[in-house]
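Report on the structure given below.
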Amino acid sequence: MERRGQWWALAVLVLPVLLISVDATVLGFALPYLSEDLGPTGAEQLWIVDVYSFVLAGLLVFMGTLGDRIGRRRLLLAGAVAFGLASVLAAFATSSMMLILARALLGVGGATLMPSTLSLIRSIFTDDRRRRTAVGVWSAAFSGGMAVGPVVGGWLLEHFWWGSVFLINVPVMLVLLVAGPLLLPEHRDPNPGRFDFLSALLSLGAMLPVVYGVKIAATSGFTWSAAVAIVVGLGLGVLFVRRQRRLERPMLDLALFSNRMFTASVVTNLLGVFALVGLLFLVPQYLQLVLGLSPITAALWMLPATVAGIAGALLAVRLARRVRVPVLVSVGLLLGAAGFLMLTAIGTTAGLAAVVVAFVLVGGGVALSETLTNDLVISAAPVDRAGAASAISETGYELGGALGTALLGSLATAVYQSGLAGSLNAAPHDAAMDTAVAAAHDTLGGAVAAAGSLPAPAAEALVTSAREAFVSGLHVTAWAGAAILVYTAVQAYFLLTRGRRRNSSSKEAPLPV
């Protein structure tokens, strides 16, 4: 494929990446409106956000293998159709459960999009330097989506209903469906082996119960239902691994994990996104519901962070020519940790500047590190198994995002509920106040909505208590995020350095580090 054709193909491949990033950010800004209109409980609100990532993560390996078998371009275009239809269903949802179902279907569509984009980059760009540049552009598209999403979403939320944020997916998918067949080459594994539905069911069955159990344990304590779900999921995971070891052509090639560079990169992706997405869940709510900014104003204040993310991804490509990759990955993660530490000092009336600077450090640092680890992941696999390797990378990314929302979001919710209850228990109550407090218990958006039914003094007291409790939850989550990124930086440095030495001393071709 000629060089000009390669870059046109890359332009098409970043469209789904932009869309996924836009969706993640837009939904965070739409949460206050969802809380007021659909009235979700705290658990339902978390499911609305993260069921997409759970389903997507559970299906990615299956879809990556499917793309290797039937063709990655074909799978990409099929995913575009599914994603567009699910977006329409989400836009016109009339209940929390209907929206959760639509988000799950979006996860099915997204699972066909993500492994196809990265594996096609691996197939199209055979030169190491150009491939790393392409991966840098691919990574920068996530940050670009973060920039476009809040601004477009903020404008839509100020002029239309919250469902309009999902309809922006439709025109992007139409462009992909028209341009894809013209600009993208088809690639598939010439010897794909037997198609294995049982392995796909086991992978999904292993992931969802474990995540569900962790969510229940984080919000309600370690109950019997949480324990049973985790045990069932782990048991199915053991069956999945044993089946992969027996198959001549497994759905998930476990031999990839024997490469230390590959494993370290996947784990680094998972933990880095775990911290970043947990922050994305909370910061839009802080800007709108604590500081009182409009959606569009809050979005504009987040633009510096998204520009930093684009710069971090593109800068990684240049720096990697002069600085060792393990050093760059660790530095990026430590910058992110510094950003989280800044968030521990914000308050209910002042903190905008600290949020902007903190988000710049987190967005730029994580983008810098994950551009390099994504390149290591796809370069470790043979070109005919690029779909499966890309799917593993994306599984780590999406699972990290889902768990970040679930665990860090649940941590923030637990601190919020505890702080709100302690603050209001000492206040005088009447029947109206009791009703409002019950509505405010799960989410800050619910507290703001419930305050509208109270007299001015009681409403002010409720909102003030809720904001203070929310900020306390954000502080605890920021400490947790900083600790996670510091640990990940240290782990990544030692594992990637050892993997580099091992590859250099082996007979295998060394990875580009």
Side-chain angles (χ1 to χ4, degrees), residues 19-20 22-60 63 79 82-114 149 153 157 161-170 204-220 225-226 229 233 277-278 280-282 284-285 398-410 412-413 439 441-446 449:
L19 193 61
I20 299 301
V22 166
D23 266 18
T25 313
V26 163
L27 187 61
F29 277 83
L31 279 177
Y33 297 85
L34 291 174
S35 298
E36 183 176 351
D37 189 19
L38 300 181
T41 65
E44 286 175 340
Q45 181 172 281
L46 287 175
W47 274 114
I48 288 170
V49 174
D50 59 33
V51 70
Y52 165 82
S53 293
F54 289 149
V55 174
L56 191 152
L59 288 175
L60 273 170
M63 291 298 183
F83 202 89
L85 294 176
S87 298
V88 175
L89 179 62
F92 295 100
T94 56
S95 68
S96 297
M97 291 307 300
M98 184 176 176
L99 183 56
I100 290 171
L101 174 62
R103 291 279 293 166
L105 294 176
L106 279 169
V108 176
T112 67
L113 297 174
M114 298 308 295
L157 289 169
W161 92 114
W162 58 263
S164 62
V165 302
F166 292 104
L167 291 182
I168 61 176
N169 299 337
V170 177
L204 189 60
M207 184 169 297
L208 293 182
V210 169
V211 173
Y212 174 77
V214 171
K215 280 171 58 68
I216 295 299
T219 55
S220 305
S225 60
V277 174
L280 283 172
F281 175 72
L282 297 172
Q285 297 181 71
E398 293 298 334
L399 182 58
L403 290 176
T405 301
L407 298 185
L408 295 182
S410 296
T413 298
H441 179 260
D442 284 330
T443 65
L444 179 57

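In this chain, residues are counted from 1 in sequence order.
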*Rounded to the nearest 0.5 Å, how far does CD1 of Ile100 lie from CG of Leu105?*
12.0 Å
*Distance from Leu101 atom CG to Ile48 atom CD1, nearest 0.5 Å?*
12.0 Å
*Kindly compute the distance separating CH2 (Trp162) from CG (Leu38), expressed to the nearest 0.5 Å.*
4.5 Å
Taking only distance into account, with no hydrogens and no angle test, what donor-acceptor pairs under 3.5 Å do side-chain atoms of residues 89-99 form with protein atoms, sequence neighbours excluded?
unit_1, atom_1, unit_2, atom_2, d
Ser95, OG, Met98, N, 3.2

_Flag side-chain contact, heavy atom, 4.5 Å: Leu167 against Ser87_ = no
